[in-house]
Structure formats: C-alpha cells, structure tokens
2 protein chains.
Amino acid sequence: MSQESPAAARADQPRRRAVSKRSLATSLAILDAAERLFAERGYDGASVRDIASAAGAQIASISFHHVGKETLFERVVERRAKELSQLRLDALSMLKAHDAKPTLKALLSAFLRPYLEKAGAGDPQWLAYARLVAMVSADIRWHRISERCFDPTAGVFIAEIVKLFPQADRSAIAVSFIFSVSAMLSLSTSQWRIEALSAAAGNQPAMDRLADQLVSFCEAGMRAALKG
Amino acid sequence: MSQESPAAARADQPRRRAVSKRSLATSLAILDAAERLFAERGYDGASVRDIASAAGAQIASISFHHVGKETLFERVVERRAKELSQLRLDALSMLKAHDAKPTLKALLSAFLRPYLEKAGAGDPQWLAYARLVAMVSADIRWHRISERCFDPTAGVFIAEIVKLFPQADRSAIAVSFIFSVSAMLSLSTSQWRIEALSAAAGNQPAMDRLADQLVSFCEAGMRAALKG
DNA sequence: GTCTATATGTAGATAGAC
DNA sequence: GTCTATCTACATATAGAC
C-alpha cells in the first residue's frame, strides 16, 4: 500500500507527497460504491451523487480522485479485471507446467472457474463486479473496455484451443468460445431466472454444482460445434 | 388496421372515434424510434427528447400516445415479443404434428431459430430488438418484463425437454436452457466480438452458419450437462 | 484533501392554445 | 392530436474557501 517511510520524509529533494491513508480510503470507498451502484443500475442509472453518498464522500471528491464519471467507470472495471486475468493466466501456467497439451476441459476450466469462484464465494463486491462485466460485455458502448480488459486473455485461451484442434475452423472456435463466455456470464445476470425456473424442481443448485455443469456444457458444446 | 366505415360514421349512438391514420403513424414511428435508441443506448441513455426527434414527433406526443417513458419501453419490448413467441410456438406445433416425441435438437431449433432468423435477416428494426432483448434479459430492473414476455414460452419448451429426459434433474435442464438462451443472445450483443476474433481466421461466418453452430453447441452442451 | 456553493446542462412531464 | 412553452428535478462538473 506504499506508506511513506520516515527516511523518505526526510529527503531534502522536493518530491511527490505519498497518498495519505485517508485519501486512499476515500478513493477506494468511491470505487467500491461505484462498483455496486453501476452493477445495480447501469452506467446512466447510477448518478455520481448516489455513488458519493453511498461511499460517504462528497460529490466533488469523485472528480478529484477519479477525474469524472467515465474514468471512474473504467477504473472500476479495470481494477478487478487485472486480478481476474492474472488468476486465469496463472491457472493456465499451472496447467501447462504439468501437461504440455492440456485437455479442452482443463483449458475451459482454467478460464471459467476463477470468475465463478469469485462470483460465487459470496463476496458481494465480486458479485456486483460479475454483473458489471456482463453489462460491459453486452453493451457496444463499452466495447473498448472489453477489448482492453478481457479480449487479450481470451485470445490466449483461444490460441491454446486452436493448438488443440489445428484442423478446426478458427472462427468456429472463436464463436463457440463466445458462446461459452456468455453462458458463464449468465450465471451472474440470470441468477433470479435460474432460481425461478429451478423452483419447480424444488432445489437450488449450489454454485460449484453450477460450475461443473457450465464446464461440461461448454466443453461438449465446443466439441460439437468444431465437428460441424 | 381498423379503418372506420361510412356506415359506422353515420351511427347515431355516440361512440369512441377510431384512431386516425396519422395518429397511428405517429404512435408507430415513436415505437420504432424508441426501439432503435433504447437498443443503442440503453433505457437511461436514450432520452424521450431524442426518441421524439428521431420519430419526427413532438416530445409531448410520447406522453400522449404512450403514457410515459417506462410504458413506452414496455410497449416496445412487448410488441415484438408476442410475434416472436408465436413463431416459436408455431414451430413447436409443427414439430409435434409430425412427431409426438421430437428430438432435443429439433426442440432447440424451434426455439432458437425464429430469433436468429429475424435478427439475421437484415431488418434493422429486428436487429435493434434483438439487442434490446439481450439488455432486458441481463438487467434485473426489467425482470418483470422478462417474466411476462419470455418466460412463459421458455417454460413450454423446458417442459417439452423434461418430457424427453424424464430421468434428468429438472434444475439441470433449466440451467442448461439458460446457457442456451444466453449463447443465443450473444450473437446479437457480441457480433463485433465475433467479427474481431474471427478476423484472424480471415472469413466472416454467415448467419445461417452461426445458427447451425449455435444449435449444435447447445444440443451437445445440454446432453452433457444432463448426464453429469 | 475536503467541502460548500454554484454553474450549466438536460432530464421527464404537462398545461393550455390551436 | 399536435405543438409551444414552461415547470421542476436532477445530472455532471468546478471554483474557491477552508
């Protein structure tokens, strides 16, 4: 968290003051509140007033810490996107360390599970973020954010799948990967639907059960789409 | 379109005047413009001012014809939802007329293809509507519209699939149906992504090719998820 | 860094003339 | 049914005191 050391404070060279704890706390509180409200109400539906109020901060502090509403939104998305991408790439590295040619199921699992685990672990901030990602992915207005935050990692996994199926049509691989991602996102956007449609069945499926179903679904679906 | 007849005009009983052609045209122009702008910018992002302007109408005419912004939005979604549901149910009837026990693939096809055909035929109004449906499906604020417009038909198809797989877990069927629907919706929300990711492959997949891939993907995925 | 006050724009809705 | 004019509320952003 880069707290300043006494030695640094004594340096005679004029220097940029380190961010104070309080300032950092305000900035983070704003990011957290924005994450929640953007996820609940969408970009236009969440006002900076409400965000500031939910963060216990002043309206003016949003411009001070995060330039403006648009930059705030981008920072909210980017913050966790980096962590998520890292988790996915770590899972991929681990996989390849054990097996130079991982299975399709293992690849999909490495990509899908970090998201599901974060979203399903009950952390409300990650749950909100999961809905936010779904929003960004579906809205053409934010497609630059998608390109920057999500597409590079997706590209790495698609390249791995291409290596596994060198004879398959590459665009078919890309398309079925998108089907898989959108099925993944549906678990956070359509949770209420799942609950409603499962109600007749009498039981609520647990998140890890859902994750298994998703991976099975996507693997089989992709194999079928690549054959066609 | 319920034009009034001279005979009716001469009736001595006072009656509700039929809607004039011009009024109807204005009302429809507003619906069309709203469909496009809501799809492009979301509910909050599209103002009634812009909608009225795009429709060549006055702002006040929106309240006059459609009560207010929220009712306008619901009417936009409902208008085509009825047509879409009918196409799906017709396809199902046709299917069952030939075969009391249709295949899973045939059932999925009956549900998925009407949407894809409408969205893929190049009609820009239907394309906008397809994006709008994706928006409504993903946004919890509109889940009442989903329940009213889409869930009943989805329920009919899920019931058919349950009949096909009486031994399978019902909630697993519901969940994989949701995966399928969200993969379907991704074709309209992620078209730019498909284009970007397919670019490396050099060719743009045609819509009917995509539809085949989607049906194959969902059928195989669902079978796998039901086994698990 | 924070806060008050305010500038400036735009939102949705409607009253009342035509 | 349409259109002009306007009401009221709320949006984002910033200037300047503390």
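Order of the sequence lines fixes the chain letters, A, B, ..., with proteins taken first and strands second; residue numbering starts at 1 for each chain.
Within the 4.5 Å cutoff, the side chain of A:Glu160 has no heavy atoms near those of the A:Phe111 side chain. Residues B:Phe73 and B:Ile145 have side chains in contact (heavy-atom distance under 4.5 Å, counting atoms from C-beta outward). Counting only heavy atoms from C-beta outward, the side chains of B:Glu147 and A:Trp192 approach each other to under 4.5 Å.
Looking only at distances, no side-chain donor or acceptor of B:Tyr129 sits under 3.5 Å from a matching main-chain atom of B:Glu35. Judged by distance alone, the side chain of A:Lys69 and the main-chain N or O of A:Ala46 form a donor-acceptor pair under 3.5 Å.
Picking from C:dT2, D:dT2, D:dA11 the nucleotide with the shortest atom distance to the side chain of B:Arg22 gives D:dT2. Looking at the side chain of A:Ala60, the nearest of the listed nucleotides C:dC3, D:dG1, C:dT2 is C:dC3. Closest approach to the B:His65 side chain among C:dC3, D:dC3, D:dT2 is made by D:dT2 (side chain taken as heavy atoms from C-beta onward).
In the region residues 48-57 of chain B, proximity to DNA chain C at under 4.0 angstrom, judged on heavy atoms, holds for B:Val48, B:Arg49.
A:Phe64 places its CZ atom 14 Å from the C1' atom of D:dG16, with the value rounded to the nearest Å. Atom P of nucleotide C:dT2 and atom NZ of A:Lys21 are separated by 15 Å, given to the nearest angstrom. Going from atom CD1 of A:Ile62 over to atom P of C:dT4 covers 15 Å, rounded to whole Å. One atom, CD of B:Gln58, and another, P of C:dT14, lie 17 Å apart when rounded to the nearest Å. The interatomic distance linking B:His66 (NE2) with C:dA13 (P) rounds to 13 Å, in whole Å. Per the geometry, OH belonging to B:Tyr43 stands 11 Å off C1' belonging to C:dA11, to the nearest Å. The CD1 atom of A:Ile59 sits 11 Å away from the C1' atom of D:dC10 (whole-angstrom rounding). Distance CG (B:Asp44) to C1' (C:dT10): 14 Å, rounded to an integer number of Å.
Note on B:Asp212 versus B:Arg113: salt bridge recorded, some NZ/NE/NH1/NH2 to OD/OE distance being below 4.0 Å.
Counting non-hydrogen atoms under 4.0 angstrom, A:Ser63 reaches a base of the nucleic acid.
Taking 4.0 angstrom as the limit, B:Ser61 places none of its side-chain polar atoms (N or O) nearer than this to OP1 or OP2 of D:dT2.
In this structure, B:Phe38 and B:Tyr43 have parallel ring planes: the angle between them is below the 30° cut-off, well short of the 60° mark.
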